[in-house]
Amino acid sequence: MPHLRTRALVMLSAGAVVVLAACGSSTSSSSSGGGSTGQPNYAPIPAGNIKLGFIAPLTGPNAQSGQFLKAGYSLFIADINAAGGIDGHQVDLVAGDDKADPATGASEARRLTQQEHVAAVLEPGTGETTFQILPVLTQAKTPTVAVLPENELDKPATYPYYFSVYPLNSDSAKEIVKYARALGITKLGIARDTTGFGDSYEPVIRSEALLQNLTITDTKSFAISATDVTTQIRQLKDGGADGLVILSVGAAVGHVYEALKALNWAPKTVGTYSLLYSGRTSLGDLAANTFFSCGIGVANGGTPDPGLDALVQKSNTAFGKIPTNAGGIWSVDSIRILKAAIEKYHSLDPDAIKSAIESFKGVSYTSPNFTYTYSAQEHAGWPRSEVKMCRLDKVGQDGIPVFADNS
C-alpha cells in the first residue's frame with residue numbers, strides 16, 4: 001500500500017548503513033538479556049544456524065532500494081557472526097524478492113515461513129507490499145522488528161508479532177505543526193503527492209493546526225511522476241500561505257524545491273524525513289528556511305556520543321558521507337532487539353521472542369541516547385518525546401543531522 005513509501009525511503013538510507021559500530025559494546029537494560037528465575041519453559045534453540053528473513057524489491061524498478069537494504073543487513077549480520085552470533089549460533093540472512101508486487105510479496109512471505117522456516121523477519125516488504133506480507137507473517141506467528149512509521153500498524157491486537165523501532169507518522173505530524181507555529185507560520189499550505197504518502201500525516205496536521213491556532217490555506221496535489229509542479233506551488237503562494245509543508249517522497253520533493261526557486265518564493269518549509277534526500281542537493285539557499293522531522297541527530301555545535309559517531313564513521317567509510325547515514329541506528333537496533341529477545345529465553349519460540357520484547361523497558365544498543373520501551377499494549381518502541389525537527393542547511397560531525405533550535 002502506498003502509505004509505506006515513507007519507510008521505503010528511510011530504509012533506502014538506513015538499510016544502506018546497517019553496520020555495527022560497536023558490536024561488543026552496546027548497552028541495554030537488564031531486561032534485554034539472559035534468563036530469569038521461574039522463566040517460562042520455552043523450547044531451546046535447535047542446533048544449526050538461525051535464519052532471519054528479509055523481504056524487499058531486489059529486482060524490478062525499485063531494486064536499488066532493496067539491494068541497498070540487503071547489502072546493509074548482510075554487513076551487519078557478518079559483524080554479529082564475527083562476535084559469536086546469537087546465543088552462540090551463526091546467523092543466515094534469507095532474502096525474499098517482492099519485486100514491489102503485493103502478490104509476490106505474500107508468496108515470498110509464505111516461502112520464508114513455510115519452507116525456509118525463518119525465526120524472525122527484519123524487513124516485511126517495502127512500498128505497496130507490506131500490508132500483504134504482514135498478515136502472512138502474523139498467521140505464521142513470525143516475529144518482525146522493522147523501521148515502519150505507519151499508525152495503522154501500531155495495533156498489537158491485529159499484528160501481535162510486529163514491533164517498530166521508528167517514530168510513528170502521527171507523532172512526526174504533531175511535531176511538524178508544533179514547529180511550524182514556533183517558526184511564526186500562521187497560514188500553512190500543504191503540497192503533497194497522490195501516492196497516499198500523506199494520508200496518515202494530513203489529518204493529524206489539520207487537527208493539530210486547529211489546536212495551534214494555525215490556518216491551513218489549502219492542499220495541492222501532484223502525481224509522483226510529475227516533473228513540473230510549479231502550478232500547484234504557485235496556487236499555494238497566491239492563496240496566502242506564509243509557510244509550506246511538503247508531504248512527498250523521492251524526486252517529487254526535488255521538483256517542489258525547483259518550483260519554489262522558479263517562483264522566487266522562500267516560505268518557511270517543514271516536512272518529513274524525506275525532505276533530507278533532495279534538499280541538500282537541489283534546494284540551495286532555500287535550505288536555511290527548511291526543517292524536517294527527525295529522531296537521530298546532535299545539538300547545534302554539539303558532538304555525537306561515541307556509539308553514534310562510530311556507527312556513522314564506519315557507514316561513511318563503507319557507503320560515502322551522507323547525512324542519512326545516522327538513520328542506520330534504527331536498522332542496527334532492530335537486529336539488536338531481536339538478538340536480545342532470542343537470548344533472553346534462549347529460544348526461537350515466537351511467543352518467547354514476543355514476550356521478551358514486550359518486557360524491554362528503556363533498552364539501548366547503538367547509542368545510550370536512543371532508547372526503546374515496549375509492552376503488551378505498545379509495540380511502537382521509539383519514545384514519542386524524542387521526535388524532533390532537524391535543520392536542512394546544516395550537518396554536524398561526520399555529516400550527522402543537527403537538531404533545530406527550540407525543537
Side-chain angles (χ1 to χ4, degrees), residues 6 9-10 149 151 167-193 197-222 229 232-249 252-257 259-261 263-280 283-297 299-300 382 384-394 401-407:
T6 307
L9 266 179
V10 170
N151 304 323
L168 292 175
N169 284 346
S170 57
D171 297 324
S172 295
K174 291 177 182 178
E175 185 62 26
I176 287 170
V177 175
K178 177 183 175 183
Y179 201 70
R181 200 70 182 90
L183 290 172
I185 295 173
T186 59
K187 297 180 179 180
L188 186 65
I190 300 175
R192 57 168 295 182
D193 64 45
F197 171 84
D199 286 356
S200 58
Y201 286 103
E202 185 170 353
V204 180
I205 287 173
R206 287 183 172 275
S207 62
E208 286 296 306
L210 288 174
L211 297 176
Q212 296 285 341
N213 195 28
L214 194 158
T215 300
I216 301 296
T217 60
D218 201 356
T219 296
K220 295 299 177 184
S221 302
F222 46 85
V229 298
Q232 291 90 335
I233 303 306
R234 179 185 289 110
Q235 290 170 338
L236 291 172
K237 178 184 179 184
D238 293 345
D242 60 4
L244 181 70
V245 56
I246 302 174
L247 302 176
S248 188
V249 293
V253 176
H255 296 319
V256 173
Y257 296 158
L260 289 170
K261 289 189 289 184
L263 294 168
N264 195 29
W265 188 32
K268 291 183 173 65
T269 301
V270 291
T272 70
Y273 198 78
S274 64
L275 268 61
L276 183 60
Y277 292 84
S278 296
R280 297 190 60 80
L283 192 52
D285 293 342
L286 298 182
N289 291 326
T290 305
F291 306 87
F292 62 95
S293 61
C294 60
I296 305 296
N300 189 22
W382 186 261
R384 286 165 169 77
S385 61
E386 290 303 314
V387 180
K388 299 179 181 179
M389 299 295 287
C390 282
R391 296 173 56 168
L392 196 60
D393 67 334
K394 187 177 180 63
V402 172
F403 292 131
D405 294 339
N406 303 314
S407 175

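Just so you know, residue 1 is the first one in the sequence shown, and it goes up from there.
Of the residues listed (Asn169, Thr272, Leu168), the one engaging Pro149 in a side-chain contact (heavy atoms from CB on, under 4.5 Å) is Asn169, and it is the only one.
For Cys390 against Phe403, the heavy-atom pair with the smallest separation is SG-CD2, 3.6 Å. For the pair Lys261 and Leu286, the tightest heavy-atom approach, listed with the atom from each and the gap, is CG-CD1, 3.7 Å. Closest non-hydrogen pair, Ile190 versus Leu247, comes out as CG2-CD1, 4.0 Å. Minimum interatomic distance between Thr217 and Gly189 (heavy atoms only, all atoms of both residues): OG1-CA, 3.5 Å. Pro267 and Leu260 make their closest contact through CD-CD2, 3.9 Å (heavy atoms, listed as atom of the first residue, atom of the second, distance). When all heavy atoms are compared, the tightest approach of Val387 to Pro167 is CG2-CB, 3.7 Å.
In this structure, SG in Cys294 is found 11.5 Å from CG in Leu275, a value given to the nearest 0.5 Å. The line from CG of Asp242 to CG of Leu236 is 12.0 Å long, rounded to the nearest 0.5 Å. Here the straight-line distance linking atom CD of Glu208 with atom CD of Glu175 works out to 10.0 Å at 0.5 Å rounding. To the nearest 0.5 Å, atoms CG (Asn406) and NZ (Lys178) are separated by 10.0 Å. To the nearest 0.5 angstrom, Ser207 atom OG is 10.5 Å from Gln212 atom CD. The distance from the CD1 atom of Ile296 to the OH atom of Tyr273 is 8.0 Å, given to the nearest 0.5 Å.
You'll find the side chain of Arg181 reaches within 4.5 Å of the side chain of Thr186, heavy atoms only. Contact check for Gln235 versus Asp218: no side-chain heavy atoms found under the 4.5 Å cut-off. For the pair Ile233 and His255, the minimum side-chain heavy-atom distance is 4.5 Å or more. In this structure the side chain of Phe197 reaches within 4.5 angstrom of the side chain of Ser274, judged on heavy atoms. For the pair Ser248/Phe222, a side-chain contact is recorded, criterion being any heavy-atom separation below 4.5 Å from C-beta on.
Under the side-chain contact (heavy atoms from CB on, under 4.5 Å) criterion, Tyr179 pairs with Ala182, Leu183, Phe291, Met389, Ala404, Ser407, sequence neighbours left out. Looking at residues two or more places apart in sequence or on another chain, you find no side-chain contact (heavy atoms from CB on, under 4.5 Å) involving Ala299. Here Ala173 pairs with Tyr201, Val204, Ile205 under the side-chain contact (heavy atoms from CB on, under 4.5 Å) rule; sequence neighbours left out.
Residue Lys237 places its NZ atom among more than 12 non-hydrogen atoms of other residues, nucleotides or ligands, all under 6.0 Å distant.
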Quick one, Val256 with Leu244, criterion side-chain contact (heavy atoms from CB on, under 4.5 Å). Give me CA distance, side-chain angles, the key distance, then yes/no.
CA-CA 10 Å; Val256 173; Leu244 181 70; 4.3 Å; yes
Can you list the steps and then say if Leu392 with Leu276 is a side-chain contact (heavy atoms from CB on, under 4.5 Å)?
CA-CA 7 Å; Leu392 196 60; Leu276 183 60; 4.0 Å; yes
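A donor-acceptor pair under 3.5 Å is absent between the side-chain atoms of Asp393 and the main chain of Ala287, judged by distance alone.
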